[in-house]
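A quick write-up on the structure given underneath.
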Amino acid sequence: MSFDALITKVQQAEQALEGRERAASAQWRQVKTTWRESWTPARIVIAGLASGFLVGRAQPLKLAGSGGLLNLVTALSGMLASGSAQAAAENAEQAADAAGDVAQVTGGAATGNPGVVHASDDDIAAIERAARGA
């Protein structure tokens, strides 16, 4: 097949695609118009009554009171609490590590022996930023 024949074939495919897109768009507009016109006030009231009846027959409040929903809420709250506790433990571990670093840099000042600080102000600022998690 020559290059010109391939170009012609691609152009035909593009034209066919554009035609189908236009047809699909027109059909979709027709469906939307028909859908909106079919919802008259009487049909809306009938649909509401029918759905209310079906929901009432399912007795969702009876199922919620049987413990199924309560058990689900209890399980979810326990899961969230354990996740929060784990995050707090990780933060506490990082703070302890940072405090140990500060104690080493200050030459034992944290242990009651305020010696001479052997670190520069920049080093102490960097350790404080690390302790804050920045």
Side-chain angles (χ1 to χ4, degrees):
M1 222 179 210
S2 71
F3 186 69
D4 292 332
L6 288 174
I7 289 176
T8 305
K9 190 173 184 179
V10 168
Q11 289 174 345
Q12 289 173 350
E14 287 176 349
Q15 290 172 355
L17 177 65
E18 288 174 4
R20 289 186 180 154
E21 285 176 341
R22 284 191 296 271
S25 178
Q27 288 175 353
W28 180 248
R29 279 193 303 273
Q30 182 64 34
V31 167
K32 283 185 357 184
T33 303
T34 305
W35 178 260
R36 287 187 181 155
E37 289 174 355
S38 65
W39 282 104
T40 61
R43 288 183 179 172
I44 292 172
V45 170
I46 291 170
L49 291 173
S51 62
F53 176 75
L54 293 174
V55 168
R57 292 283 294 165
Q59 299 176 349
L61 295 177
K62 187 176 182 182
L63 294 175
S66 68
L69 183 63
L70 185 60
N71 289 340
L72 176 66
V73 170
T74 303
L76 289 176
S77 65
M79 183 177 68
L80 292 174
S82 67
S84 299
Q86 183 178 4
E90 289 174 2
N91 287 341
E93 183 179 336
Q94 290 174 354
D97 290 343
D101 292 343
V102 170
Q104 288 178 352
V105 168
T106 59
T111 61
N113 184 11
V116 178
V117 175
H118 299 290
S120 68
D121 291 335
D122 293 336
D123 292 336
I124 293 174
I127 291 171
E128 288 174 350
R129 280 193 305 274
R132 285 183 296 218

How long is the span from the CD atom in Gln12 to the CD atom in Glu14, to the nearest 0.5 Å?
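Rounded to the nearest 0.5 Å, the CD-CD separation comes to 11.0 Å.
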Taking atom NZ of Lys9 and atom CG of Asp4, what is their separation to the nearest 0.5 Å?
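Those atoms lie 14.5 Å apart.
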Do Trp39 and Leu49 land in one hydrophobic cluster if side-chain heavy atoms of ILVMFWY residues count as linked below 4.5 Å?
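No, Trp39 does not connect to Leu49 through the hydrophobic network.
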Any donor-acceptor pair under 3.5 Å linking the side chain of Ser25 with the backbone of Glu21?
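Checking the backbone N and O of Glu21 against the side chain of Ser25, no donor-acceptor pair under 3.5 Å is found.
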